[in-house]
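Just below is one structure, and these are the notes that go with it.
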Amino acid sequence: MPVIDDATITVAIDAALAAIAAAPDTAALKQVRIEHVGDHSVLTAANRAIKDLPKDQKAAAGKLIGQGKGRVQKELAARQNELAAAEEEAALAAETVDVTLPTDLRSRGATHPLTTLQDRINDFFVGIGWEIAEGPEIESAWLNFDALNADAEHPSRSLQDTLYVAPENSGMLLRTQTSPVQIRAMIERGAPLYIACPGTVYRADEIDATHSPMFHQVEGLAIDKDLTMANLVGTLDAFAAHLFGGQPITRLRPNHFPFTEPSAEMDFRCFNCDARLGVEHDADPNCRVCGGTGWIEMGGCGMVHPSVLRAAGVDPEEYQGFAFGLGIERLLMLRNGVSDMRDMVEGDVRFSQHYGTEI
Ligand code: DAH
């Protein structure tokens, strides 16, 4: 049976008060409460023992223990408030976000839509088993013009069209087309050959909504035995379907290029008027893509001229081929509704972000 005398109770109460004062946080205070006023504490045991005391001692013992426990409970509550308030303040301080601090948030970049489109074009050619070929942007006049059968007086050679590399008569220029890569590839690899040549080209143009002195083209070239224009049209149809979806139709109109014979201008049936195009339907007269014609001009094509094959060391008696070339900026403008060429070259990342970043 626990001792209920003044000294024992006073010691227990003092110990409890000291422990309360020393508790550093609410978790420690919880332990103090269990230890000093919990079921197994000296004070609780003493309280339980009151009932077994002689009658005349019960009142005095009850008062002693009751008052003592009351003091302890009061101190516990006060300390609990104090510690909880301090803990909350510390938590708030720790979680404070200083919105005025300088940040290191660099804005995210985005893939330029021309790059995305070029990748998509490359995917098509790789998908049909062709290889991607590249050449230099500073090119010899021989590869850019002569080997491609452009005669010495061809207007595209003039300073108004072509950017030549100094010194005068260096014979070097900024390539005006990706077609010289055809010649390089034929010389290096011979026939048969199936290649796509994407790349940057240059012309002496002022920049405006539809022109830029630097732009991009992609060139297709197939050299093999028994290739005909039917192979060309089939390839273009598949290419158009890859770019625009649906079942596009390719239309060829007679034209002239020095490096192809016969040569043609290639048009794709307008993808935007698609829903209306059919047996009894015409193009939308207000179509923003084709302007109501139902056709989009895509670029040039034709059967590779025998002189070009000969210049590149391929025997035209044995091999034939077809080629085509188109501008990627123009394709992006039509396909994705870019209305001003300058947006593509200014380098504002918001322009690229608008077109999303395909991964
Ligand atoms: N090189 C031509 C141009 O820049 C485009 C072109 C037309 C490429 C016909 C070809 C082709 O391969 O067969 O306008």
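As a basis for the values below, the full set of heavy atoms in this structure was taken, side chains included, without hydrogen atoms, waters or symmetry mates. Here the structure is a predicted model, which is why all the values come from computation and not from measurement. Indexing begins at 1, ligand by ligand and atom by atom, following the structure's order. Starting from 1, each residue takes its place in the sequence as its number.
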* Run through ligand 1 for me and note each protein residue having a heavy atom under 4.0 Å from it, chain first, then residue number. =>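 Contacting ligand 1 under 4.0 Å are Q177, S179, Q182, R203, Q217, E219, F257, F259, T260, G300, C301, G302, A323, F324, G325.
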Q) Distance only, no hydrogens: is a donor on one side chain within 3.5 Å (strictly under) of an acceptor on the other, for E329 and S212? A)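 Absent: no donor and acceptor within the cut-off.
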| said: Students often mix this up, so state it plainly: with edges at 30° and 60°, are the rings of F244 and F268 parallel, tilted or perpendicular? | reply: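 The arrangement is perpendicular - the two ring planes meet at more than 60°.
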- Task: Determine, for E265 against R251, whether the closest basic-nitrogen to carboxylate-oxygen distance falls under 4.0 angstrom.
- Result: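 Looking at R251 together with E265, the answer is no, because their closest N to O distance does not fall below 4.0 Å.
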* Asked: Does a side-chain N-to-carboxylate-O contact under 4.0 Å join R157 and D146?
  ->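 Yes, charged N to carboxylate O under 4.0 Å.
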Once salt bridge (Lys or Arg N to Asp or Glu O under 4.0 Å) is applied, do any residues pair with K225, and if so which ones, sequence neighbours excluded?
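K225 satisfies salt bridge (Lys or Arg N to Asp or Glu O under 4.0 Å) with E318 only.
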Q. So, for F351 and H112, is the gap between ring centers shorter than 6.0 Å?
A.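 For F351 and H112, the ring centres are under 6.0 Å apart.
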